[in-house]
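The block underneath contains the structure these notes are about, expressed in structure tokens.
Because the structure is predicted, anything quoted here is derived from the model rather than measured.
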Amino acid sequence: MSTDFKPQSDFLNVLTQRGYIHQCSDLEGVDAKAKSGDLTAYIGFDCTARSLHVGSLVQIMMLHWLQQTGGKPVPLMGGGTTRVGDPSGKDESRKMLSLDDIEANKLGIKQVFSKFLTFGEGKTDALMLDNAEWLTTLNYIDFLRDVGKHFSVNRMMSMDSVKMRLERDQELSFIEFNYMCLQAYDFVELSRRYGVNLQMGGSDQWGNIVTGIDLGRRMGRPQLYALTSPLLTTASGAKMGKTAAGAIWLNEDMLSVYDYWQFWRNTEDADVGRFLRLFTLLPMDEIHRLEALQGAEINEAKKILATQATALMHGTEKAEAAAETARKTFEEGAVATSLPTIDIAADELRAGVGVLGIFVKAGLVASTGEARRQIKGGGLRVNDVAIADERANLNEANLTSEGVVKLSLGKKKHVLLKPV
């Protein structure tokens, strides 16, 4: 973004200060729409899993700030486009899901948005839509004649999502090749039906979004706009939202509140200020104070980040409970019974269970091979004692006074094994 540009609208002021903007097709145009209160923006979310993960949180926060500054946010469920599959950033075709799976995923994904947006009938109230509404009723011949004629195959071939796949000699199916046509058509339909004039997304969506702007121009729609956010990586280069143990899911039934809190608590020092801007509602003065902390004090900023980010997703009460659980576990060395828990049949524990398999079951390691490697490095613990023998079994003798077995990976990831 140009350093010479000085936003006049609250919306672009917030996005600029907090680091949400990577590219914009027309900053002055978006700024004017936002300042006049006429900005309606959408972001699409395909229904490929039962929950979104932290990698989608930047986009959700952009919709939140749009509403807070007087715009109208439109989260769009990809009930139609999920049937096709977005090739952006992929080396192979996405697994085709059944219609029942897509519907179940859509219901799971919808849960998140009410935490960040207010829905209703008002001018700035959020509107939840599904592109299946118009995509599944399209007549193919009519679509080719009325819409397809506006697409240049030469231009489509130059898109990164297509070019990168072909350069790597990876097959790109015809159905995936059509994805950008459908996404562009979404933008036009949203403009026509609901007055949407801005599409936002991650920077990997830039080509698809500007294709929609071009289609809108060719089909006689009012001016449309594009705005993308940076694709986030941590300071060490890791992809945001991915960990050794898997994705950081937003839905509580797929990741405990405690583990969500711990994810933010484990933020690298160099990322604290950036993540406070992007993932909390703290005022900028407070963020400046926290990111200036040095040495051991930065850990206090990380705890505030963790509690603030978790409160947005799961509520203040659960966030503070997770923070207290962490305090008891790490500062007092106690077995906090509010740690994530997995059940085991009492008879099974009585007979004895292998440490390798139980750590996999607890989700602390992905495989028995990884468990062996962690044991060799002293990384796996039972009741805070390092495991020395990979052939060891756990049984009732390992139960603590609280009636559980505490399983730990390193110093920060813990799960309680509870007989039932």
Side-chain angles (χ1 to χ4, degrees), residues 11 15 20 33-34 37-84 86 97 99-138 179 182-202 205 208-209 212 216 224-229 249-254 279 281 312-315:
F11 175 59
L15 262 58
Y20 287 103
K33 286 285 184 186
D38 293 326
L39 192 61
T40 300
Y42 93 95
I43 300 177
F45 300 89
D46 276 350
C47 312
T48 53
R50 288 190 295 111
S51 169
L52 298 173
H53 60 70
V54 163
S56 300
L57 202 50
V58 168
Q59 277 72 54
I60 297 171
M61 291 298 295
M62 289 167 77
L63 290 175
H64 168 84
W65 286 117
L66 172 68
Q67 186 169 49
Q68 294 302 306
T69 54
K72 187 177 185 69
V74 179
L76 178 70
M77 297 294 100
T81 43
T82 306
R83 303 185 192 187
V84 174
D86 182 2
L97 301 175
L99 298 186
D100 287 343
D101 285 342
I102 292 173
E103 191 62 28
N105 290 345
K106 183 170 69 177
L107 292 174
I109 288 171
K110 281 183 174 181
Q111 297 174 26
V112 170
F113 292 93
S114 60
K115 315 268 183 74
F116 295 86
L117 302 172
T118 300
F119 290 86
E121 302 298 323
K123 185 174 187 292
T124 64
D125 285 340
L127 186 63
M128 175 79 73
L129 299 173
D130 184 347
N131 60 19
E133 178 185 339
W134 51 85
L135 293 183
T136 56
T137 58
L138 283 175
Y179 186 93
L182 298 181
Q183 184 172 333
Y185 185 66
D186 278 347
F187 203 173
V188 172
E189 278 296 296
L190 287 165
S191 169
R192 185 174 67 82
R193 295 176 182 226
Y194 302 100
V196 171
N197 44 30
L198 170 66
Q199 183 181 172
M200 301 189 292
Q205 292 297 314
N208 288 344
I209 297 174
L224 303 177
Y225 303 95
L227 192 156
T228 61
S229 61
W249 301 108
L250 301 185
N251 288 13
E252 188 177 347
D253 62 343
M254 293 182 68
F279 301 115
L281 306 182
L312 268 178
M313 181 59 59
H314 297 295

Between [X] and [Y], which heavy-atom pair has the shortest distance, and what is it?
| X | Y | answer |
| --- | --- | --- |
| Trp65 | Thr69 | O-OG1, 2.7 Å |
| Lys33 | Asn197 | CD-ND2, 3.9 Å |
| Gln59 | Ile43 | O-CD1, 3.3 Å |
| Tyr42 | Gln183 | OH-O, 3.8 Å |
| Ala41 | Leu66 | CB-CD2, 3.6 Å |
| Phe116 | Gln67 | O-OE1, 4.4 Å |

Tell me whether [X] contacts the main-chain N or O of [Y] through its side chain, where contact means a donor paired with an acceptor under 3.5 Å.
| X | Y | answer |
| --- | --- | --- |
| Asp130 | Ala132 | yes |
| Thr82 | Gly78 | yes |
| Lys115 | Met313 | yes |
| Asn251 | Gly108 | yes |

Self-check item: Cationic N near anionic O, under 4.0 Å, Asp125 to Lys72
Solution: no
Quiz item: Where do Tyr20 and Thr228 land on the side chain to side chain contact (heavy atoms under 4.5 Å, CB included) test, with the steps shown first?
Solution: CA-CA 8 Å; Tyr20 287 103; Thr228 61; over 6 Å; no
Is there side-chain contact between [X] and [Y], with heavy atoms separated by less than 4.5 Å?
| X | Y | value |
| --- | --- | --- |
| Val196 | Phe187 | yes |
| Val112 | Leu57 | no |
| Leu99 | Arg83 | yes |
| Met200 | Leu63 | yes |
| Val58 | Phe279 | yes |
| Leu198 | Leu39 | yes |
| Glu133 | Arg193 | yes |

Quiz item: Which of parallel (below 30°), tilted (30 to 60°) and perpendicular (above 60°) describes Trp134 and Tyr194?
Solution: tilted
Give, for atom [atom1] of [X] and atom [atom2] of [Y], the distance between the pair rounded to the nearest 0.5 Å.
| X | Y | atom1 | atom2 | answer |
| --- | --- | --- | --- | --- |
| Asp38 | Lys123 | CG | NZ | 5.5 Å |
| Leu250 | Gln111 | CG | CD | 10.5 Å |
| Leu52 | Ile109 | CG | CD1 | 4.5 Å |
| His64 | Leu281 | NE2 | CG | 4.5 Å |
| Leu127 | Leu117 | CG | CG | 11.0 Å |
| Asp253 | Ser51 | CG | OG | 7.5 Å |

Practice problem: Tell me yes or no: between the side chains of Thr81 and Asn131, is some donor less than 3.5 Å from an acceptor? | Solution: yes
Quiz item: Is the closest side-chain donor-acceptor distance between Gln205 and Asn208 under 3.5 Å?
Solution: yes
Practice problem: Show your reasoning for whether side chain to side chain contact (heavy atoms under 4.5 Å, CB included) applies to Gln199 and Asp186. | Solution: CA-CA 10 Å; Gln199 183 181 172; Asp186 278 347; over 6 Å; no
